[in-house]
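Reviewing the structure listed below.
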Amino acid sequence: MPNIKSAKKRVLVSQAKAAQNKAAKSALKTELKKFEAAVAGGNRSEADVAYKVAVKAVDKAAARGLLHRNNAANKKSKMTLKLSKLA
């Protein structure tokens, strides 16, 4: 543990931010899995709703810096292809 007050605060802040990032990434993965499950189920209307939620989650994650913007674009592209194949 650091001795300097600002370093102690930095440790606490970084732990809190790490926990927030972990929770946000976990929520993102959950939304992506829900979309995958909807596509696997073959239900188009359910997949449409899950797609919109998942795309929004990916965009938010990219804006927060959890995902690189190219990675986010790649994920959205793959989801769009899966959704269009379902039709």
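- From Q20, atom CD reaches atom NZ of K25 across 15.0 Å, with rounding to the nearest 0.5 Å.
- Residues F35 and L83 form a side-chain contact, since some pair of their non-hydrogen atoms from C-beta on lies under 4.5 Å apart.
- In this structure, the side chains of V55 and K75 stay at 4.5 Å or more apart for every pair of heavy atoms.
- Smallest separation of non-hydrogen atoms from A47 and A38: CA-CB, 3.7 Å.
- Side chains of V39 and M79 form no contact here, defined as non-hydrogen atoms less than 4.5 Å apart.
- With S84 contributing its side chain and T80 its backbone, the two residues share a donor-acceptor pair below 3.5 Å.
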Working note: N71 + V58, criterion side chain to side chain contact (heavy atoms under 4.5 Å, CB included); need CA distance, chi angles, decisive distance, verdict. CA-CA 9 Å; N71 187 281; V58 169; over 6 Å; no

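- Using a 4.5 Å heavy-atom threshold, the side chains of K56 and D59 count as separate.
- Contact annotation: the side chain of N21 never approaches that of R64 to less than 4.5 Å [non-hydrogen atoms, C-beta and beyond].
- L86 places none of its side-chain heavy atoms less than 4.5 Å from the side chain of K82.
- The side-chain contact (heavy atoms from CB on, under 4.5 Å) search around V53 returns E31, not counting sequence neighbours.
- A salt bridge is absent between K52 and D48; no separation between the charged side-chain nitrogens and carboxylate oxygens falls under 4.0 Å.
- L28 contributes atom CG, which lies 11.5 Å from atom NZ of K60 (distance to the nearest 0.5 angstrom).
- Residue L81 places its CG atom among more than 12 non-hydrogen atoms of other residues, nucleotides or ligands, all under 6.0 Å distant.
- Rounding to the nearest 0.5 angstrom, the gap separating the CG atom in L67 from the NZ atom in K76 is 10.5 Å.
- Of the possible polar contacts, none joining the S26 side chain to the K22 backbone as a donor-acceptor pair under 3.5 Å is found.
- Between the NZ atom in K17 and the CZ atom in R10 there is a gap of 9.5 Å [rounded to 0.5 Å].
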